[in-house]
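Read through the structure below, which is laid out as structure tokens, and then see the notes.
For the single chain, residues carry numbers from 1 onward in sequence order.
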Amino acid sequence: MDEHESPELTDDEKRLFADLMPEDLTEILDTGIHRRHFLKLLSLAGGGILAAQSAVAEQLLTRPLSETVPSDLAPESLENAVNVAFKVNGTSRKLTVDSRMTLLDTLRERLDLTGSKKGCDHGQCGACTVIVNGHRVLSCLTLAASCEGKTVQTIEGLAQGNTGATVRLHPVQEAFLKHDGFQCGFCTPGQICSAVAVLDEAKNGHLSYVTENVRQSTGPVKLSNEEIRERMSGNICRCGAYPNIVAAIQEVHSGKPVEQVFRSV
């Protein structure tokens, strides 16, 4: 058996899927168990539906996923295939993608980096923001092919270390936690990547629409709250956590504690 191939289903497992997920049974038998099948099975388990078949369900939930590349993404099936080599979060990656494939879809579907979110998919919400060659970009409007030879940093690449006690969060991530700069969290990866880039822009003397004196010699810009709001205006938070986000960025920028703006009643 190939290392990426899932083992065949037992008769009990086939009956489980036939009873609970009949619409997926044919696909599962043909291509194996994929992530979405696990998620659906987990949702059924959460609802207590699997109580009578818990032993079979446990066996299924502990087996490996089928990670074969979908046929529609295989290089030989692409009409406009291009080879792309770039570095993602410090790791060199080489891929064959459709020339029209966005960086966002490449990160999520081909590299399994799902931290960058697909919100509006029109470049209006900022949830997909990543950092390319030190500059923030909207990955839903950026072609993967245009990143040839470039360095891409996503939300997954900001923290140092891997797991457990070895993880060292980026200062912006720590500040977002301290100031509760998120609620649902959907926009948070884009907010944090954008904030990291904003701090670098200010350090490099980049001006903004609200900069008071654009004629003065370039140098590090001291960010007021108004400056932060202007520079972060491309990132939408539908939960309305903007004051907390501004406070988090200001604390990292100034290096001084900022009073938490949320209050408990």
Side-chain angles (χ1 to χ4, degrees), residues 34-48 61 88-89 102-132 136-142 152-164 167-199 223 225-253 258-265:
H34 295 276
R35 185 172 286 105
R36 62 182 177 277
H37 303 135
F38 272 81
L39 293 175
K40 186 179 290 187
L41 197 61
L42 282 171
S43 67
L44 293 173
L61 293 172
V88 182
N89 297 332
T102 65
L103 176 59
L104 176 61
D105 287 339
T106 301
L107 292 171
R108 292 181 58 83
E109 298 177 11
R110 299 297 302 278
L111 299 180
D112 202 27
L113 295 171
T114 56
S116 304
K117 303 306 181 188
K118 180 177 285 192
C120 65
D121 206 23
H122 287 77
Q124 296 178 349
C125 73
C128 68
T129 302
V130 298
I131 302 171
V132 177
R136 49 182 168 157
V137 302
L138 297 168
S139 59
C140 76
L141 298 184
T142 303
V152 179
Q153 189 173 36
T154 70
I155 188 67
E156 291 91 344
L158 291 181
Q160 301 297 315
N162 294 315
T163 58
V167 173
R168 182 181 178 185
L169 295 179
H170 189 281
V172 173
Q173 292 175 306
E174 292 181 339
F176 265 65
L177 287 172
K178 173 184 175 181
H179 290 276
D180 200 19
F182 48 84
Q183 288 186 40
C184 77
F186 190 85
C187 75
T188 304
Q191 296 275 6
I192 290 178
C193 285
S194 193
V196 170
V198 162
L199 294 173
L223 296 178
N225 287 350
E226 185 183 13
E227 279 272 13
I228 293 174
R229 292 188 186 98
E230 167 61 25
R231 293 170 188 258
M232 291 291 295
S233 60
N235 291 79
I236 296 174
C237 171
R238 300 193 184 278
C239 300
Y242 297 115
N244 310 45
I245 292 170
V246 172
I249 298 172
Q250 185 62 259
E251 181 164 308
V252 178
H253 173 66
V258 173
E259 182 181 3
Q260 294 173 322
V261 295
F262 58 89
R263 293 286 185 269
S264 298
V265 177

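In this structure, Glu109 CD and Lys118 NZ are separated by 6.0 Å, a value rounded to the nearest 0.5 Å. Rounded to the nearest 0.5 angstrom, Cys193 SG and Leu158 CG are separated by 5.0 Å. The structure places CG of Leu177 at 9.5 Å from OG1 of Thr188, a figure rounded to the nearest 0.5 Å. Note that SG of Cys125 and CG of Leu138 are 8.0 Å apart. Values are rounded to the nearest 0.5 Å. Distance check: Ser139 OG to Leu104 CG gives 4.0 Å after rounding to the nearest 0.5 Å. A distance of 6.0 Å separates CD in Glu156 from OG1 in Thr114, rounded to the nearest 0.5 Å.
With respect to Gln191, the side-chain contact (heavy atoms from CB on, under 4.5 Å) criterion is satisfied by exactly one of Ile245, Ile155, Ile249: Ile245.
Between Gly123 and Cys140, the closest heavy-atom pair is N-SG, 3.3 Å. Closest heavy-atom contact between His179 and Ala247: ND1-CB, 3.8 Å. Between Phe186 and Gly119 the shortest heavy-atom distance is CE2-CA, 3.9 Å. Nearest approach of Phe176 to Phe182, heavy atoms of both residues: O-CE2, 3.7 Å. Across all their heavy atoms, Cys187 and Ala127 have their closest contact at CA-CB, 4.5 Å.
Partners of Val137 by side chain to side chain contact (heavy atoms under 4.5 Å, CB included), not counting sequence neighbours, listed by chain and number: Val130, Val132, Thr142. Partners of Gln173 under the side chain to side chain donor-acceptor pair (under 3.5 Å) rule, at least two apart in sequence or in another chain, do not exist in this structure. Looking at residues two or more places apart in sequence or on another chain, you find a side chain to side chain contact (heavy atoms under 4.5 Å, CB included) between Gln250 and Asn225, Ile228, His253, Ser254, Val258.
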Could you go through the side chain to side chain donor-acceptor pair (under 3.5 Å) check for Ser194 and Arg136 one step at a time? CA-CA 6 Å; Ser194 193; Arg136 49 182 168 157; 2.6 Å; yes

Check the pair Thr154 / Leu111 against side chain to side chain contact (heavy atoms under 4.5 Å, CB included), numbers first and verdict last. CA-CA 12 Å; Thr154 70; Leu111 299 180; over 6 Å; no

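In this structure, Gln153 and Asn89 have side chains that are in contact, with non-hydrogen atoms separated by less than 4.5 Å. Put simply, the side chain of Leu223 reaches to within 4.5 Å of the side chain of Arg231, judged on heavy atoms.
Distance alone, capped at 3.5 Å, places no donor-acceptor pair between the His122 side chain and the Gln124 backbone.
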